[in-house]
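Protein chains get the first letters and strands the later ones, always in sequence-line order, with residue 1 at the start of each. The structure displayed is predicted, hence computed values, not measured ones.
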Number of protein chains: 2
Amino acid sequence: MPEIKLQHILTMRELMLIGAHHNFVEVTTTNLGRVIGRSQQAASKHLMELEASGYLERSRKGQKLVVRITDKGFSEIQSLFTSLKAAVELSPVLRFEGKVVQGMGEGAYYLSLEGYRKQFKEKLGYEPFPGTLNIKLTDKVFTDARREIDKYHSIFIHGFSDGKRTYGWVKCYPALVNDGQIAEAAVLVLERTHYDDSMLEVIAPVSIKKTVGIENGDRVKVNVQLMIKTD
Amino acid sequence: MPEIKLQHILTMRELMLIGAHHNFVEVTTTNLGRVIGRSQQAASKHLMELEASGYLERSRKGQKLVVRITDKGFSEIQSLFTSLKAAVELSPVLRFEGKVVQGMGEGAYYLSLEGYRKQFKEKLGYEPFPGTLNIKLTDKVFTDARREIDKYHSIFIHGFSDGKRTYGWVKCYPALVNDGQIAEAAVLVLERTHYDDSMLEVIAPVSIKKTVGIENGDRVKVNVQLMIKTD
DNA sequence: ATTACTATTTCGCGAGTAA
DNA sequence: TTTACTCGCGAAATAGTAA
């Protein structure tokens, strides 16, 4: 979530477009105001506020100003950009709704194996909380959707062997829990699953039950972000 | 420039993440308020305002709401996304400043040739206004930068022959004029140029002189958006 | 010309609450 | 439970202007 104030986005964008990230550039508040569609005074205030937040450096050069965007400021814009990217590129979505049920404890065991952990960290960007959320799908429309999921692109976790036995592959589908309460989660499809099409297994970097505040028996929503083929 | 109000972009983002672009989805304003970090009332107002602007469709389903983002709404977010993409990905920038001078009228003639026009339309996304802006670079720092431009990636317009004679290639470098006053322009580098390193030739879909309000002799700024190699 | 102060207005948000 | 109204506060914008 961006900490940057929304009204500063256009200002930051224009500054970046004229190269203010890597160098100091000369600006006038009158011109900046015009390109962001605000007054000269608003542009002036934006620059002062952005400086106060540590998003840019600003100093006088004669009567004009020179400014440079800091790395902190740049990464704010970048993170907003990334989240919009997800919104425009990761639709459509498969929607599920069901009841939280007790898992068999197997999920936690598997996820803790180094052979999986390393790949999760590398491919999902986080290490899953040890423990999966098991959801019993309650409605036909959801179990139907559950059978669709295989058709779409997934993040593939390879199986491996520890010498004694082999462990199957895992497909991960990035998902949201309860419309954004947890924005970084994944539905898992296991090669060797003990579950049926009415079950959904979900991981996240945090404990989903604690974060969302749910118990076994409660209803929960999961939106799977189906990835569009990138050409 | 997005017409959408900045305070609505988080709302639109969350709706898109739960699949509201292609389907109607059920939302409650309480939950939406939580995920956008605002109150239930604010979420409710956002949805009403977005509907009034034609960015989403909204109707009651019992006590709850179902909403769907319109194509108009989607393209608003997409265009904001695109402009941020330019800001985060197209840096660094080469900056020029110089004096508008009278061209020889050759530019307009060349650009009007079908062999060029078709390619401009296809590769730049617009047909150039018939007439180039010629800028005399005044400072050593700018003529030095002018010699750098060849090193960077450009949009390449192929030369062609009309049977009587051949016409050389043209390299286009997307640029801004006067810090965003014209956001869609391009610096041209011609295979057979009559100009030297102190000259810059710029095109845009509109008349630059009229749009910016400048005459021969006035000073003008051009920011060339150097494209980073995409891997 | 410029920035940025003060005053004023407009706008967005949350609280309280009706339906 | 829900949505969405009114009201009041504070944030953010513009206008006017000093320096």
Open item on the list: Classify B:His46 by what it touches in the nucleic acid, base, sugar-phosphate, or nothing, heavy-atom distance under 4.0 Å.
Closed with: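 Sugar-phosphate, no base atom in range.
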- [ ] Using a heavy-atom cut-off of under 4.0 Å over every strand shown, decide if A:Ser44 touches base, sugar-phosphate, or nothing.
- [x]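 Result for A:Ser44 = base.
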Open item on the list: For a quick check under 3.5 Å, do B:Ser83 and A:Arg13 share a side-chain donor-acceptor pair by atom type?
Closed with: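 The criterion, which ignores hydrogens and geometry beyond distance, is satisfied for A:Arg13 and B:Ser83.
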Taking only side-chain nitrogens and oxygens of [X], does any of them come within less than 4.0 Å of OP1 or OP2 of [N]?
X       : N      : result
A:Lys61 : C:dT2  : no
A:Arg60 : C:dA4  : yes
B:Lys5  : C:dG12 : yes

Task: Gap between atoms CZ and P, on A:Arg34 and C:dA1 respectively (whole Å) - done: 12 Å
[N] base to [X] side chain: any donor-acceptor pair below 3.5 Å?
X       : N      : result
A:Gln63 : C:dT3  : no
A:Gln41 : D:dA13 : no
A:Gln40 : C:dA4  : yes

- [ ] Quick one: sort the B:Phe74 and B:His21 rings into parallel, tilted or perpendicular, breaks at 30° and 60°.
- [x]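 B:Phe74 vs B:His21 ring planes: parallel.
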- [ ] Kindly assign one of parallel, tilted or perpendicular to the pair A:His8 and A:His46, based on the angle between their ring planes and the thresholds 30° and 60°.
- [x]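 Rings of A:His8 and A:His46: perpendicular, as their planes differ by over 60°.
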Open item on the list: For residues 203-212 of chain A, which residue pairs pass the salt bridge (charged side-chain N to carboxylate O under 4.0 Å, His left out) check, not counting sequence neighbours?
Closed with: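 For residues 203-212 of chain A: none.
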With respect to the side chain of [X], which nucleotide from [options] is positioned closest?
X       : options                : answer
B:Ser39 : D:dG16, D:dA12, C:dC13 : C:dC13
B:Met48 : C:dG12, D:dA4, D:dT2   : D:dA4
B:Thr30 : C:dT3, D:dT2, C:dC13   : D:dT2
A:Ala42 : C:dC5, D:dA4, D:dT14   : D:dT14

- [ ] Specify the angle, to 10°, made by the local axes at the two ends of the helix from C:dT2-D:dA19 to C:dA19-D:dT2 when five pairs are taken at each end.
- [x]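 For the helix from C:dT2-D:dA19 to C:dA19-D:dT2, the axes at opposite ends meet at about 30°.
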